[in-house]
Amino acid sequence: MARYNAKETEQRWQAEWTRRNCFAAPNTSDKPKAYVLEMFPYPSGKIHMGHVRNYTMGDVIARFRRAQGFNVLHPMGWDAFGLPAENAAREKGVDPREWTYANIAAMRDQLKMMGLAIDWSREFATCDPEYYAQQQKLFIEFYNAGLVYRSEADVNWDPVDQTVLANEQVIEGRGWRSGALVERRKLSQWFFKITAFSDDLLKGLDTLDRWPEKVRLMQKNWIGRSEGLRFTFTLIDARKLEVFTTRPDTLFGASFVALSPDHPLTEELSARDPKLKAFVEECRRVGTAEEAIEKAEKKGFDTGLTATHPFDANWKLPVYVANFVLMGYGTGAIFGCPAHDQRDLDFARKYNLSVTPVVVPEDADPKTFAVGDEAYTGPGKLANSRFLDGLDVESAKREVATRLEAQGIGERTVNYRLRDWLVSRQRPWGCPIPMVHCEKCGVVPATDLPVKLPEKLVFDTRGNPLDHDPVWKHTTCPKCGGKAVRDTDTLDTFVDSSWYFARFTDPHASEPLTRAACDYWLPVDQYIGGIEHAILHLLYSRFFTRGLHKLGHVGLDEPFAGLFTQGMVCHETYKNQNGEWVLPEEIEKRDGKAFLKGTNVEATIGSSEKMSKSKKNVIAPETIIDVYGADTIRWFMLSDTPPERDIEWTEEGAEGCWRFVQRIWRLVTESENIAPPGTKIENAQGASLDLRRATHRAIAAVTDDLAALRFNRAVARIYELANAIGAADKADGAARREALEALVLLIGPMMPHLAESAWESLGHKTLVVDTPFPKADAALTESTSVTIAVQVNGKLRGTIEVTKDMSEDAIKQMALALDGVTRVLEGKTPRRVIVVPGRIVNVVA
RNA sequence: GCCCCUGUGGCGGAAUGGUAGACGCGGCAGACUCAAAAUCUGUUGUUGGCGACAACGUGCUGGUUCAAGUCCGGCCAGGGGCACCA
């Protein structure tokens, strides 16, 4: 029999599935539904290994559920707006629309080569006017429902390019193209009121029991609910200043008050003080990224003002403007207690402010306890705090709150770290914000929907092309008919991806969503994507779904019932003798060393890292599919490495997968003694019974493993079954047929093309995609006896074979009679013998 | 800086608190072959021993337990996110 020809075979089965329209999902069915979705790709132009891994996993689940009798929705689309198209336009002079759609066409072809079980009739791109027009309707609905508002916000401003920069375009505080020092600049922009759902988004996390614990934890911390106290300082000029603290207990350890550089009071003061103004400008040069702000050296500016301690009219605290105080959190002003907050401590040491410990550990002496370079944030008793001395932290918090509330200057509040979602982008390749600015009427929702992007985007100017397109920009007011201009900003692309999963349920409807389709398909039963989306995309989608619920478009709050976050695909890195990165395809390996192909020039092998263009450690999926076929690359992605962890691509591993493809093909086509299809199995004995047991154990294990997305374990079980079949020469034809058919159906979701060919070769006229997943016979998966370990003091000394109904005492006697046990005991009587039925015996000597 | 995760043979990894290393890759030995490839069989944590076997072994360190890769505390290293990359 010839070797398995993946290339021809895969095309043949893909054509057959398409011809039969196997993967179309009807919007009504008697079957239970399953919505399986992978995060849709950005159309960069080529699929990469990360896509292959993601879509293979989703495809396995989709095919598995389908084989289990579900009506499966498994769609594909394109997250098609974004910066890269604009960059391509500026760098290569291409039209972003043409560039994007050409990329989509290329990537669609590549995805189809993978043999994915996708309902392609539901495909759309977020840059299709058909999609973003619906999104504009939703934006206006959110606006009318009070979930969208306009406010000032900071952006990164490149003073040379006269352009707003994304955080990734700010490199060490400078614009990536101009190299100019970046400034923060205030613009009037649109926000989604995600904070209206802070508490709801937090509580909802508890219901997501099929989400990874770590993602729920990250979201919880991101929302950042904290109970604290807002209270007011009186400044020396009688002005009031409100601060927020989660540690009111440390009020007697206060040594300064600090304002954010963006605080209104700072702005007022800097108008009169050029030095303060310069300091604020310096702070603003850090950009808007929180990481940069937090990592910057703690700096402050003494305003000369003082604040009066709320419990002591004679106690004056200096008021600073400090670069680490964020305007977006709390009130944008704090009191600093250096002994019990690391940032405050760093600040106090720099400016020689006092450090008074007011919470000391239970076992420490309040008189001698001192704080060095590390703030003390643990529990303890209050000290140096007058009426609070001796109290524990929680009681002291309550006491301070009660007293300040009684004085009428404080209020217990719940504060969230979560900020409202800024969605305005000064970018041309996005969904236009459907708003009009009228000189008379102010901001008015557009009525001439959809507001389409101009046919031609011109990139010869600085800034946003939409802002420089007079024909597109100028319009009339929908209210008064007077002169007006369009909002020239576009929506954050996270808006596009916040509801696409719902649109897939009826992707070509004339309204944004069809309630019946959403009610049938939502929530997404299994969502799969990268861990890098653990917070933003998933949180925004959860918010958007709540908004859609409020507006009556959907009947639920949580869009994704099950979430799985996959690891990245990594590869070794190579550098030539000049220290430049070298592509894997330019390398050949000999004796564990790497050489530039066809030469004796050695290259250095670097660490394995996430595949990226910048490090040139990429392997193109299409070349692998070309050599080995889609089934091999799919099998690789599922084998060995747990799906949530990073996987390393290796040539050896790929070859191993290819050999397994061939091995299955040989098992099926070269096996002798296979009973004809449909043969009944009766009274299997000996080798036949052993094979049947192996078969049914494999079915049970693979079923469990696939349901739990433990693909690597399912793969191992399938190898075991293949080994068992290969070794079962003495089994009869009926048992061999049963085992081979099970093997083929078990690999069906993972290597669908090979499975179809093998199924056909076994004499079937049907397709594997139309065949139910095999079911394990419980009578064959249970065993009557078990080998258990015998330990002495926790150390293994032998094993015994026991039957299920054996008494604990009998097991104990067997264990104590073991050579290994008697040798170690040396005739002594054990102090204790622990018998865990079916597991272990531990003799404590 | 803050939040979260990961760490087990030469490599990827397996292991409801209960026989550490299933399964795969690689290596070694053998079979087939004129030879090679492919394939098949055996073997493969480290150290000592002819051997039965023994000791050690899951990043480091301390603890809980009859029993710890697994639970708890403290470290170290690598990775993801930090609100305008998607």
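Reminder, nothing fancy here: chain letters follow the sequence lines and each chain counts from 1. What you see is a predicted model; the values in this text were computed from it and never measured.
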Sequence-aligned protein contact record of nucleotides 79-86 of chain B, with B where the base is within under 4.0 Å of a protein heavy atom and S where only the sugar-phosphate is: -BSBBBSB

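- The side chain of A/Ile840 lies closest to B/rU19, out of B/rU16, B/rC4, B/rU19.
- Under 4.0 Å is where a charged nitrogen must lie from a carboxylate oxygen, and between A/Asp154 and A/Lys186 at least one such pair does.
- A/Phe636 and A/Trp649 have tilted rings, their planes meeting at an angle from 30° to 60° on a 0 to 90° scale.
- Comparing atom distances between the A/Glu720 side chain and each of B/rG26, B/rC4, B/rA22 picks out B/rA22 as nearest.
- On the P atoms, B/rU6 is 13 Å away from B/rG13, given to the nearest whole Å.
- Salt-bridge check for A/Arg174 with A/Asp158: failed, with every basic side-chain N at 4.0 Å or more from each acidic carboxylate O.
- Between B/rA20 and B/rG80, the distance separating the two P atoms is 36 Å to the nearest Å.
- Scanning for side-chain hydrogen bond (donor to acceptor under 3.5 Å, both in side chains) contacts around A/Arg53 gives an empty result, with sequence neighbours left out.
- A sub-4.0 Å separation between OP1 or OP2 of B/rC40 and a side-chain N or O of A/Arg666 is present.
- Between A/Arg90 and A/Glu86 a salt bridge is recorded (basic side-chain N to carboxylate O distance below 4.0 Å).
- For A/Asn712, counting side-chain heavy atoms from C-beta on, the closest listed nucleotide (B/rA14, B/rU19, B/rA22) is B/rA14.
- Put simply, the side chain of A/Ile699 does not reach to within 4.5 Å of the side chain of A/Leu721, judged on heavy atoms.
- Residues satisfying the side-chain hydrogen bond (donor to acceptor under 3.5 Å, both in side chains) test with A/Gln342, not counting sequence neighbours, are A/Asp346.
- Ion pair A/Glu213/A/Lys220 not flagged as a salt bridge, since none of the NZ, NE, NH1 or NH2 atoms sits closer than 4.0 Å to an Asp/Glu carboxylate oxygen.
- Under 4.0 Å is where a charged nitrogen must lie from a carboxylate oxygen, and between A/Asp262 and A/Arg184 at least one such pair does.
- The backbone N or O of A/Gly175 sits nowhere less than 3.5 Å from a side-chain atom of A/Asp161 that would complete a donor-acceptor pair.
- Separating the C1' atom of B/rC50 from that of B/rC66 is a span of 37 Å, rounded to the nearest Å.
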Canonical and wobble pairing (Watson-Crick, G-U, under 3.5 Å) of RNA chain B, dot-bracket with |: (((((((..(((.....[....)))((((((.......))))))((((....))))..(((((..]....))))))))))))....

Distances for protein N/O vs nucleotides 65-68 of chain B N/O pairs under 3.5 angstrom?
residue : atom : partner  : partner atom : Å
B/rC66  : O2'  : A/Asn842 : ND2          : 3.1
B/rC66  : O2   : A/Asn842 : ND2          : 2.7

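- Residue A/Arg823 places none of its side-chain N or O atoms closer than 4.0 Å to OP1 or OP2 of B/rA52.
- Checking side-chain atoms of A/Asn221 against main-chain N and O of A/Gly224 turns up no donor-acceptor pair under 3.5 Å.
- Nucleotides B/rG24 and B/rC40 have their P atoms positioned 11 Å apart, rounded to a whole Å.
- Remark: the separation of the P atoms in B/rC53 and B/rG9 is 26 Å, to the nearest Å.
- By the 4.0 Å N-to-carboxylate-O rule, A/Asp492 lies close enough to A/Arg425 to be salt-bridged with it.
- Contact check on A/Glu297 versus A/Lys350 returns a salt bridge, with a Lys/Arg side-chain nitrogen under 4.0 Å from an Asp/Glu carboxylate oxygen.
- A donor N or O paired with an acceptor N or O is found under 3.5 Å between the base of B/rG12 and the side-chain atoms of A/Asp640.
- Remark: the separation of the P atoms in B/rU16 and B/rU70 is 13 Å, to the nearest Å.
- Closest to the side chain of A/Glu652, out of B/rU19, B/rG13, B/rG26, is B/rG26.
- Listed nucleotides B/rA20, B/rA55, B/rC5 differ in distance to A/Leu796; the shortest reach to its side chain belongs to B/rA20.
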Per-nucleotide protein contact string for nucleotides 71-77 of chain B (B base, S sugar-phosphate only, - none; heavy atom under 4.0 Å): -------

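- Taking atom P in both B/rC72 and B/rG17, one finds a spacing of 12 Å when rounded to whole Å.
- In this structure B/rG74 sits in the anti conformation; its chi angle is more than 90° from 0.
- At distances below 3.5 Å, at least one donor-acceptor pair connects side-chain atoms of A/Asn156 with backbone N or O atoms of A/Thr288.
- Among the candidates A/Phe40, A/Trp78, A/Trp499, the single residue satisfying the ring-ring contact (aromatic ring centres under 6.0 Å, His included) test with A/Tyr131 is A/Trp499.
- Distance check on atom P: B/rA14 versus B/rU8 gives 11 Å, rounded to whole Å.
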